[in-house]
Protein chains: 2
Amino acid sequence: MTKRVTLADLADQTGLNISTVSRALSRPDRVSNETRRLVEKVASQLGYETNVAARNLSRGTTDTILVLASSFSGQAISPIFTGILLGVCEEAKALGLNVMLRQYLAQPISASDVIRYLQAGVADSVLLVATEQWLPAADRGPDQEMLPIVSIFNDLTTAGLTSVMTQEGDGYVAIVDHLVERGHRHFAFVSGPAGSGHEHTRYNAVKNRLSTLGLGKKLIRLEGGPFDMASGTKAAQAFLALKKRPTAVICCSDGLALGFMHTILGSGLRVPEDVAIAGYDGMDYTAFTSPALTTVIQPTLEIGRVAVQVLADIHNGRITTPRLVALAPTFVVRQST
Amino acid sequence: MTKRVTLADLADQTGLNISTVSRALSRPDRVSNETRRLVEKVASQLGYETNVAARNLSRGTTDTILVLASSFSGQAISPIFTGILLGVCEEAKALGLNVMLRQYLAQPISASDVIRYLQAGVADSVLLVATEQWLPAADRGPDQEMLPIVSIFNDLTTAGLTSVMTQEGDGYVAIVDHLVERGHRHFAFVSGPAGSGHEHTRYNAVKNRLSTLGLGKKLIRLEGGPFDMASGTKAAQAFLALKKRPTAVICCSDGLALGFMHTILGSGLRVPEDVAIAGYDGMDYTAFTSPALTTVIQPTLEIGRVAVQVLADIHNGRITTPRLVALAPTFVVRQST
DNA sequence: CTGTTAGCGCATTCAA
DNA sequence: TTGAATGCGCTAACAG
């Protein structure tokens, strides 16, 4: 890497002052056309690249977003994570921002951790992905200054964080309506991890919709556990042991649905003839299982993009108060129902 | 975020000099126990966090790894990417390094791009994930200084880059042997994207193994395309149109295998009775499809970890010449064969 | 529109 | 072991 080319070198070469060169590069409009062109020419000639550490130190900002992924290893979020991350990266690139990634496995993330990062100048803003637990900073008084932090996938508005996620209720309402229309009257809900906010929201959506339709008592709940496939098989075994089995099974995730269906099919039952199964998330594979899974597609890419936009809005003061941004999911009917 | 606490503040509070405070924090052993303890106490009291921009500028390093993901959106690498990224993050955390992420969709990455990042001080080293094309810097003479760049998943040693990947041949040899042992004598290989290095390597591994077993002429090739499921269905249609169909199908990825199997099952053929199908990659879902897919599991997490270790080794001069690090995959037999 | 002057916060010489 | 001084490379006031 030969040696480092600095503004001073460009100043020497062009005969201009360092500050002029700096301006020509960062604020081309505040400089004469002539010097701008000269500087640009010499800069590319010498292969000048502005040193980010120096820029950051001088400006006091970093132009980077820190992504804190909670259960990024757990099967829970992992498959969805890719889409979100892609959206985040794309939007960040569009806005000229960097993306820094850090994982927090199974540990709760506390506000003070995040504030520490912010303070250290690691990043200007933080994206919390799939963070169930958020411990607000105890020592922060009511100084209403809003932190540049956005939660993805979990509604943390009550903790003062703007959140971006899918309108989950809508998806489950669509599933219920579809199954009822297909003639189903007995339902099972395969639950996600106990205590999960998603779990809670989703189960309630199903429950409430069924109640509205006068079928509130026709729903049982099967314990799944984590959002993964193995938990789905466990729930399926419980299902098979039932004396009177529901005809329609609504799962808290595609992973659960796949594991569930695998076991059901293995037992000799037919899907959807004997049991209709619906998933949730919209994983790629759902369209290619046999039978293909009915599911609800989450707009992961869009969620990632929007989260970054929201962060930018907070950063430049266009958003000053916590809010919930909920995007619409897409319901797709396939062979499993 | 109240205001920024700096070394100067600690110096004031402790009555020590800034440089002493700095030393106490970064080189505790070069300072008396007394001052060390004093500084630590006051630092935590005031909530001091060292400013990374300043440290980076002063030291001339960044302690961060830049991850450049190539086709990270394409279905190709995406599912595997999660595992790798997790491994990278874990190891990076263990070594006290940051991870910065950037995507390069469908664009070839050139050495000069990477060198630019390095020069700008965005990162100290670079991890290329799934980079098929690598254009060496034309202007770099034979200055044998090795760049802190590692390629993951693609063997770029010929271009002078140390590479970390799976020993792909082994996996396909295992598949072939298994199928032959099961009595199969006619094979099809569902290919990945044309021109892909993986595609080439994998097909050859199959071809060569069959030749060794005297079955070299019993292999046909079905064009798949990208590593995704849709391409698998396309290949399956071609397969179904064949007059004389092979009894065993070896796919270039799990996605292809899933799409292929979906279509095959939909046509009324049975798996594995009529057609045996094997995938490659070890995606989670393969264990829960019906029938479950025989496949080869890539040690993605391990690959990520090792790549970071290798980067560290290059960085501190323990590795000075390009090499290929190939990890062993795991073959798993399931219902589809 | 351009040059001068000061820092940004820290690490690291060199003396003491 | 500690203190004083210098510089990392760039940006941003402030004059001119």
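Just so it is clear: chains get the letters A, B, ... in the order the sequence lines come, proteins before strands, and each one is counted from 1.
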Side chain to side chain donor-acceptor pair (under 3.5 Å) for Ser151(A) and Asn154(A)? Distances and angles first, verdict last. CA-CA 6 Å; Ser151(A) 166; Asn154(A) 284 73; 5.4 Å; no
List in numerical order all residues of residues 32-45 of chain A for which some heavy atom is under 4.0 Å away from an atom belonging to DNA chain C. Ser32(A), Thr35(A)
To the nearest Å, give me how far apart CZ (Arg30(B)) and P (dC14(C)) are. 14 Å
Looking just at side-chain N and O atoms, do Thr35(B) and Ser32(B) make a donor-acceptor pair shorter than 3.5 Å? yes
Can you list the residues that meet the salt bridge (Lys or Arg N to Asp or Glu O under 4.0 Å) rule with Arg318(B), with sequence neighbours excluded? Asp313(B)
Among side-chain atoms of Thr157(B) and Ser163(B), is any donor-acceptor pair under 3.5 angstrom? no
So, OP1 or OP2 of dT2(C): does either fall under 4.0 Å of a side-chain N or O from Asn17(A)? no
Students should find that the end-to-end axis angle of the helix from dC1(C)-dG16(D) to dA16(C)-dT1(D), with five pairs defining each axis and rounding to 10 degrees, is 30°
How many Å lie between CG on Leu25(A) and C1' on dT2(C), as a whole number? 15 Å
How long is the gap from CD1 on Ile152(B) to CZ on Phe81(B), to the nearest 0.5 Å? 9.0 Å
For residues 146-162 of chain B, which residue pairs qualify under salt bridge (Lys or Arg N to Asp or Glu O under 4.0 Å), counting only residues two or more places apart or in two chains? none
Checking side-chain polar atoms at under 3.5 Å, does Ser196(B) have a donor or acceptor matched by the opposite partner on Glu132(B)? yes
In 5'-to-3' order, the base (B), backbone-only (S) or no-contact (-) status of each nucleotide in nucleotides 6-11 of chain D, using a 4.0 angstrom heavy-atom cut-off, is -BBBBB
For Asn56(A) and Thr62(A), does a side-chain donor sit closer than 3.5 Å to a side-chain acceptor? no
Rounded to whole Å, CG of Leu16(B) lies from C1' of dA16(C) at a distance of 16 Å
For residues 34-60 of chain B, the salt bridge (Lys or Arg N to Asp or Glu O under 4.0 Å) pairs (sequence neighbours left out) are Arg116(A)-Glu49(B), Arg36(B)-Glu40(B), Arg55(B)-Asp63(B), Arg59(B)-Asp63(B)
Can you list the steps and then say if Thr20(B) with Asn17(B) is a side chain to side chain donor-acceptor pair (under 3.5 Å)? CA-CA 5 Å; Thr20(B) 306; Asn17(B) 185 283; 4.9 Å; no
